[in-house]
Amino acid sequence: MERINDLIVTLLDLSALESGAAQFNITRFDFVELVETVAGRLLVDAPDTNFELQYELPEQKVFVRTDRQRMEQVLGNLIVNAKKNVHPGGVLRLELTENSGDLHFAIFNQGRPIPENNLSKIWTKFYRDSGAEYSGSGLGLSIVAQILSMQKLPYGAENLADGVRFYFSIPAAE
């Protein structure tokens, strides 16, 4: 029952985003701290970790102007997705780098690649990889895409030699 409730809440949230009914609460905050908090909660403090965590984060604070709660949702969905798809004992690498006034977030999971003809479909509502070893609603990545698209932030996914990398960029704020 709880799973159905979660699904309904997620669908309503996505519907509000798609229709433009959801308002963004824009604030200035340290994005490095947000990444550390979300990653810490989902990757470090999780007892069920069977992967090697690697990460690269800026030493200093880097501020952005956006909706903190929505960006927490984006980070959470991308991290959970990578965690679900990393091979047991494989590498999960999280990177946050600054370049030319933009912050570039990327998360890589060592594991099975996404079939090339499905790469563009993964952002679609209810899309689920038929070869995936876990079940999900198929809504997480569509929420990520919707939140980033509404802010005109570039994002994507790509297959690398030994896994998959998801990424997006956001302008740093003064």
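Here the structure is a predicted model, which means the values were calculated and not measured.
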To the nearest 0.5 Å, what is the distance between [atom1] on [X] and [atom2] on [Y]?
{"X": "Asn85", "Y": "Asn81", "atom1": "CG", "atom2": "CG", "answer": "5.0 Å"}
{"X": "Leu57", "Y": "Glu59", "atom1": "CG", "atom2": "CD", "answer": "9.0 Å"}
{"X": "Asp67", "Y": "Phe24", "atom1": "CG", "atom2": "CZ", "answer": "6.0 Å"}
{"X": "Leu96", "Y": "Glu56", "atom1": "CG", "atom2": "CD", "answer": "8.5 Å"}
{"X": "Leu43", "Y": "Leu94", "atom1": "CG", "atom2": "CG", "answer": "7.0 Å"}
{"X": "Asn159", "Y": "Leu119", "atom1": "CG", "atom2": "CG", "answer": "5.0 Å"}

Any side-chain heavy atom of [X] sitting closer than 4.5 Å to one from [Y]?
{"X": "Gln73", "Y": "Ile143", "value": "yes"}
{"X": "Glu36", "Y": "Val32", "value": "yes"}
{"X": "Arg70", "Y": "Arg68", "value": "no"}
{"X": "Val91", "Y": "Val86", "value": "no"}

Shortest non-hydrogen contact from [X] toward [Y]:
{"X": "Ser142", "Y": "Thr124", "answer": "CB-C, 4.0 Å"}
{"X": "Arg112", "Y": "Val164", "answer": "O-CG2, 3.6 Å"}
{"X": "Gln110", "Y": "Asp162", "answer": "NE2-OD2, 3.1 Å"}
{"X": "Ala172", "Y": "Glu98", "answer": "CB-OE2, 4.1 Å"}
{"X": "Ile107", "Y": "Ile79", "answer": "CD1-CG1, 3.7 Å"}

### Task
List for me each residue that meets ring pair (Phe, Tyr, Trp, His ring centres under 6.0 Å) alongside Phe166, sequence neighbours excluded, and say none if there are none.
Trp123
### Query
Partners of Phe31 by ring pair (Phe, Tyr, Trp, His ring centres under 6.0 Å), sequence neighbours excluded?
none
### Message
Looking at Leu92, is its backbone amide N or carbonyl O close enough to the side chain of Asn109 to form a donor-acceptor pair, meaning the two atoms are under 3.5 Å apart?
### Response
no
### Query
Just by modelled atom types, is the Gly140 backbone N or O under 3.5 Å from a matching donor or acceptor in the Asn77 side chain?
yes
### Query
Would you call Arg41-Glu72 a salt bridge at under 4.0 Å N-O?
yes
Mind checking whether [X] and [Y] sit in one hydrophobic cluster, side chains of I, L, V, M, F, W, Y counted as touching below 4.5 Å?
{"X": "Leu34", "Y": "Ile147", "answer": "yes"}
{"X": "Phe63", "Y": "Ile26", "answer": "no"}
{"X": "Ile122", "Y": "Phe108", "answer": "no"}

### Query
Stepwise, does the side chain to side chain contact (heavy atoms under 4.5 Å, CB included) test hold for Phe29 with Val64?
CA-CA 6 Å; Phe29 61 91; Val64 295; 3.7 Å; yes
Under a plain distance cut-off of 3.5 Å, with no hydrogens placed, do [Y] and [X] share a side-chain donor-acceptor pair?
{"X": "Gln151", "Y": "Thr66", "answer": "yes"}
{"X": "Asn25", "Y": "Gln69", "answer": "no"}
{"X": "Ser169", "Y": "His104", "answer": "yes"}

### Task
Tell me, please, which residues at least two apart from Arg165 pass salt bridge (charged side-chain N to carboxylate O under 4.0 Å, His left out).
Glu158
### Task
Quickly, which of Phe168, Tyr155, Tyr167 forms a ring-ring contact (aromatic ring centres under 6.0 Å, His included) with Phe105? Name it, please.
Phe168
### Task
Please report the C-alpha distance between Lys83 and Phe51 in whole Å, then the side-chain angles of each, then the deciding distance to 0.1 Å, and finally whether the side chain to side chain contact (heavy atoms under 4.5 Å, CB included) criterion is met.
CA-CA 8 Å; Lys83 186 176 165 184; Phe51 53 83; 3.9 Å; yes
